[in-house]
Amino acid sequence: MNMPRRIQEATAVIFRKDTNLFVAALVVLGGLQLWAFGQCALYRGYPWKVAFFEPFLDAAVLYLPSLLLPRKIRGTVSVTVFFIFTCFLLANTWYERNFGDFMPGNIIGTTDILNSFVINSTRNSLKWWDCLIAAPFFIILAIYLRYRKDMATDHYSVKSRILTVICVVVIFGARFGLAARRSHNWSPYALTYKDIIDEDITSLTHPTCRIQTVQYWGIPMFFMRTLYECVPRTYTPSPEELREINELLSSSGPLPQATVMEELSNNKGKNLILIIVESLHSSVLTLPVEENICPTLHALASDSGSVTALNVIPNAGLGRSADGQLIYNTGLLPLEGDVFITDYATADYPSLAKALRGYTAIEAIGERKEVWNHHLTTLSYGYTRLYENLAGNCDGMNEDAEIFNAATDIISGLPQPFLIEITSLSMHEPFDKPKVSPTLDNDSEFISRLDSRDRYYLEAVKHFDTALGEFIQWLRNNGLADKSVIVLAGDHEAAKNALSPLLSHPTVPLIIYNAGYKLNHPQPINQIDVFPTILDVMGINSMEIKVDGETVPYRGLGRSIFAPELTYSTYMSDEWLHHRQEICDKIIRSRYFSTTDHP
């Protein structure tokens, strides 16, 4: 039904005479949009006054400047900006649901960012109330399209423009002041306002403080920070920082005892098969054995020649699988709060492939090489060939079986000794639908009581376990099992809320089969400890790198599980790991290994 003529004429006159009303609509609807965003991802548990008023202050800072625009483009630019912020808020809402923080800007530059994994994770993150974030844009668009010809073409005087600028500055200051006062009142510590302001300024640039950036500075500043993070930057360490880097790289971790080294030396010249398993939680190995979910993993872990550590604390960050591959291949920690593959995928990183001299080094992945910049990291880690898209013909079902079948064909043509890294896919979240042919016993009381997410996950685990068992049997049939060390390592834990508490265990497993040495390491270790552990198992202990012009042994920045148990509490302390995290950030951001020649 058409709007009554008089109402149409009245609203047209209002919009024609006063553009301020359109801007007011931008602020009000923008405030409602930011309020909805806060309820979805930011202000959960906050008092309603905070949750309600601060979004409208942010909206005023965002949209009042539209009054400064030339009158002919004012409406078009305002609607475009509103659309950009709608997309920006939705993307960060979905990202936060998976990773517990907002999206780093540099991830936007990742090759093939809209791959199937991202699309599926986003789809699983959708909630009906996300419409509250999107709806204000369509209302603004409708107002603009209906009245764009009738809106005023008022010329704003210099005084009006100055007043607008003053209003924006005052509102921004009020927004920051309210956040500072809230921090002062709620803090359990006796913080001065100066301390709080220092914290707020730190949150602008600290890689793990994106949510705090929004809480302290508001959405406009967070958007500016995101744009800043999109720009590649060059970091040059100071002489003191360079000295710290050189000292840590030169101080290789402790070696195993001589008797252990002698036993492990029998593995020299064996093939190394590194299987990095997607989202494999240690919890699957603690489930009732009679459920027969992962008999192959149990058999490998209990073998008389296996090294097992089921309490590996993930150090992978926002880069997820790419971070896990960096840690296992190089012994370095990934960037804190950033995705290293965007700007730092290309470098001459020390790695397993470079440590195993004389080996044919191959990487085999189920996805396309552009996903997570594999085509760059493969070369950086020293692999000579990348086999990609091994699961490309199975339409997302039973991917691990396809990957292992393709791996047997690849290995058949490799000269020995070889290193092959194989990454699995079937256990990639979300777990909202079947990804493999169902094989679990649904009549089992344990299985029937599972959360649907857990059931789909365990179906994928069993599929992987079956494919792994067939792969190992193929190695045995072809005389390769006894000639190979097989390392299985979980790349990271599943995303937040992807599984129920039953399976959301904070650790991933490490199983090294055919190590020629029996060790069940019960204490927690870090992912960064796996690199020196693999070097020890392969009987080579270290590789050589150039540090400050001198050749030094390199064992990664972790500590092998074969090392003597010295100062364990210090080794696992937050300070120990934080120091290495800071140094690794400086190594990666300064492109330290881009200018260092490896012998």
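None of these values were measured; they are calculated from a predicted model.
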The criterion is side-chain contact (heavy atoms from CB on, under 4.5 Å); which residues satisfy it with [X], sequence neighbours excluded?
{"X": "Thr408", "result": "Phe471, Trp474"}
{"X": "Pro295", "result": "Asn292, Asp465"}
{"X": "Glu241", "result": "Tyr235, Pro237, Ser238, Lys586"}
{"X": "Pro509", "result": "Leu280, Ser282, Leu285, Leu310"}

In the structure I gave you, are the side-chain heavy atoms of [X] and [Y] within less than 4.5 Å of one another anywhere?
{"X": "Asn541", "Y": "Leu535", "value": "no"}
{"X": "His374", "Y": "Glu363", "value": "yes"}
{"X": "Ile512", "Y": "Ile486", "value": "no"}
{"X": "Asn329", "Y": "Tyr383", "value": "yes"}
{"X": "Val277", "Y": "Asp491", "value": "no"}
{"X": "Tyr344", "Y": "Tyr349", "value": "yes"}
{"X": "Lys270", "Y": "Pro417", "value": "no"}
{"X": "Thr346", "Y": "Thr377", "value": "no"}

Pairing of [X] and [Y] as salt bridge, 4.0 angstrom limit:
{"X": "Lys354", "Y": "Asp348", "result": "yes"}
{"X": "Arg243", "Y": "Glu247", "result": "yes"}
{"X": "Asp536", "Y": "Arg555", "result": "yes"}

For the pair [X] (side chain) and [Y] (backbone), establish whether a donor and an acceptor sit closer than 3.5 Å, ignoring hydrogens and angles.
{"X": "Ser306", "Y": "Thr308", "answer": "no"}
{"X": "Asp585", "Y": "Glu336", "answer": "yes"}
{"X": "Thr384", "Y": "Ala361", "answer": "yes"}
{"X": "Ser251", "Y": "Leu248", "answer": "yes"}
{"X": "Asp303", "Y": "Gly305", "answer": "yes"}

So, Glu278 versus His492: side-chain donor-acceptor pair below 3.5 Å or not? yes
Donor on one side chain, acceptor on other, Glu575 and His579, under 3.5 Å: no
Output for pair (Asn315 CG, Ile327 CD1), nearest 0.5 Å, gives 5.0 Å
Would you give the length of the straight line joining atom CG of Leu557 to atom CG of Leu249, rounded to the nearest 0.5 angstrom? 6.0 Å
Taking only distance into account, with no hydrogens and no angle test, what donor-acceptor pairs under 3.5 Å do side-chain atoms of residues 258-265 form with protein atoms, sequence neighbours excluded?
from	atom 1	to	atom 2	distance (Å)
Ser265	OG	Glu262	O	2.5

Ring centroids only, cut at 6.0 angstrom: are Tyr359 and Phe418 within range, meaning strictly under it? no
Do you know which of Thr507, Ile561, Ile525 makes side chain to side chain contact (heavy atoms under 4.5 Å, CB included) with Val312? Ile525
Aromatic rings Tyr457 and His281: how do their planes relate, parallel, tilted or perpendicular, breaks at 30° and 60°? perpendicular
Within residues 540-563 or reaching into it, pairs that qualify as ring-ring contact (aromatic ring centres under 6.0 Å, His included) - sequence neighbours excluded: Tyr517-Phe562, Phe531-Tyr554
Looking at Gln416, I'd like to know if its CD atom is crowded, meaning that more than 12 non-hydrogen atoms belonging to other residues, nucleotides or ligands lie closer than 6.0 Å. yes
